[in-house]
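Letters go in sequence order (proteins before strands), and every chain restarts at 1.
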Amino acid sequence: MAVTGVLRPGHAQIRVLNLEEDVKFYRDVFGLVEQGRDAQGRVYFKAWDERDHNSVILRQADTAGIDFFGFKVDSVATLNKLEADLNAYGVKTERVPAGEMLATGERVRFEVPTGHVIELYAEKKDVGNGLGYSNPAPWNKQSETGFAPTRMDHALLGGGDLDGARDIFINVLGFYLTEEVVAEDGKTQIAVWLSCSNKTHDIAFVRAPENGKLHHVSYWIETWEKVLRAADLMSMNDVPVDIGPTRHGITRGATIYAFDRSGNRFETFSGGYISYPDMHVLTWPIQHLPEGLDYAQRKLHESFLTVFS
Amino acid sequence: MSVQAEPRTAVTVRIADTGESYKCHTDESLLTGMHRMGKRGIPVGCRGGGCSVCKVWVVAGDYAQIRAMSREYVSEEDLAHGRVLACCVAPRGEVELAVIGKLNKVVTR
Ligand code: FES
Ligand SMILES: [Fe+2]
């Protein structure tokens with residue numbers, strides 16, 4: 001199957017408590033490329049190898065967390081169809097006009113039962129990765145600056161009605177379940193990993209005591225060695241690390257969880273396996289969450305189920 | 001010849017809940033001081049003022065805010081009563097605090 005419909009995560013708008021401090025962090029320590037500011041004062045970034053204009057937007061606020069998470073779809077026709085499908089499924093949608101975000105077309109916005117605002121859009125300006133479209137070089141200076149992830153990869157969101165959110169992604173948006181953590185009853189899902197592609201996850205949900213919570217936004221790093229280099233940079237720059245470097249049992253990604261300057265968790269990760277929609281779901285009984293999270297140390301990290309922004 | 005760095009001042013912080021105490025520098029947060037030397041008592045989360053698990057009530061002593069705190073978790077009334085995020089304030093002198101942040105979760109094992 002070709003990748004059609006919903007293509008990939010496209011943007012995350014993150015609230016920060018001190019804009020200039022986090023701009024410096026995401027640009028100089030993280031190594032994201034600053035793409036401009038809009039009239040509202042939001043600051044736009046993209047990872048070096050992304051070709052669309054922006055993927056991470058910072059907004060000054062007095063609370064931390066995530067405003068919305070957006071997915072790019074393959075065409076305007078798909079956007080219209082998915083909006084109609086959402087409405088038919090009982091999900092209210094609204095349109096955000098083109099240009100409300102820099103270089104971004106019209107967006108369809110809706111809320112899922114975990115209290116998160118999700119967006120779909122078909123158009124975002126192709127600005128390229130700076131390497132050109134003919135005889136491109138493999139990398140450039142930007143790919144060696146900071147953690148230098150190649151892309152914003154996925155998000156893990158926390159809220160109460162995980163089942164409701166999961167159903168919308170699977171039944172309407174065409175995602176499939178790759179992995180799950182289940183409670184002692186063997187049924188109740190504590191966390192789910194959902195894919196719209198060959199990635200192990202494009203979005204994930206964890207059951208959380210409060211709605212609308214951000215667990216982390218994750219960024220793809222090309223190799224495990226570069227994940228370790230990111231760990232050095234985190235220590236060199238006093239970045240608070242939550243877990244790792246280690247390997248997740250779940251999705252098999254090599255990972256670090258850490259926090260930005262406003263307490264929003266992020267992940268820098270690499271690896272995992274290639275996933276297909278016909279593959280059997282992988283299940284992690286809750287008593288195996290320690291190794292699901294941290295395969296190397298096999299210890300329960302309390303913060304995984306408790307620390308959100 | 002070497003330039004002498006200004007000496008840092010360390011003060012004693014007491015956690016009322018456990019009776020434990022630790023030394024914290026006046027230029028670091030109450031949470032950093034505890035966490036750095038492997039002490040426990042205040043839950044450690046994001047260390048950036050965004051998650052609230054480190055919320056404490058400063059029952060005695062003086063402190064200064066060194067980082068912005070999410071207003072989702074710290075109201076005006078909290079501020080007026082010394083209920084703050086331990087990762088966002090530094091002690092000015094000896095401090096006694098009570099832990100009020102908790103590691104909430106839906107599932108308990
Ligand atoms: S540790 Fe998250 S607010 Fe202090
Ligand atoms: Fe992740």
S.K.: Under 6.0 Å from the CZ atom of B:Arg36, do we count more than 12 heavy atoms belonging to anything else shown?
M.R.: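 For B:Arg36, atom CZ is crowded (more than 12 foreign heavy atoms under 6.0 Å).
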S.K.: Looking only at heavy atoms, what is the nearest atom pair of A:Ala64 and B:Ser70, with distance?
M.R.: N-OG, 3.9 Å
S.K.: Quick check for you: among A:Gly158, A:Ser262, A:Ala258, A:Gly65, which has the greatest number of heavy-atom pairs under 4.5 Å with chain B?
M.R.: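 Winner by heavy-atom pair count: A:Ser262.
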S.K.: With distance as the sole test, does B:Arg47 use its side chain to make a donor-acceptor pair with the main-chain N or O of A:Val241 at under 3.5 Å?
M.R.: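 Yes; at least one donor-acceptor contact below 3.5 Å.
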S.K.: Heavy-atom distances under 4.5 Å only: say whether A:Arg261 touches chain B with side chain, backbone, both or neither.
M.R.: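 Contact with chain B involves both backbone and side-chain atoms of A:Arg261.
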S.K.: Working to the nearest 0.5 Å, report the span between CG of A:Leu17 and CZ of B:Arg71.
M.R.: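 Interatomic distance, A:Leu17 CG to B:Arg71 CZ, rounded to 0.5 Å: 11.0 Å.
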S.K.: Which members of residues 84-96 of chain B, sorted by number, sit under 4.5 angstrom from chain A on a heavy-atom basis?
M.R.: none
S.K.: What pairs with B:Glu72 under salt bridge (charged side-chain N to carboxylate O under 4.0 Å, His left out), at least two apart in sequence or on another chain?
M.R.: A:Lys213
S.K.: Which donor-acceptor pairs under 3.5 Å do the side chains of residues 50-60 of chain B make with protein atoms, sequence neighbours left out?
M.R.:
from	atom 1	to	atom 2	distance (Å)
B:Lys55	NZ	B:Tyr73	O	2.7
B:Lys55	NZ	B:Asp78	OD2	2.8
B:Trp57	NE1	B:His81	O	3.1

S.K.: Using non-hydrogen atoms only, which part of A:Asp62 is less than 4.5 Å away from chain B: side chain, backbone, both, or neither?
M.R.: both
S.K.: For chain B, which residues of residues 227-237 of chain A have at least one non-hydrogen atom nearer than 4.5 Å to it?
M.R.: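 Within residues 227-237 of chain A, no residue comes under 4.5 Å from chain B.
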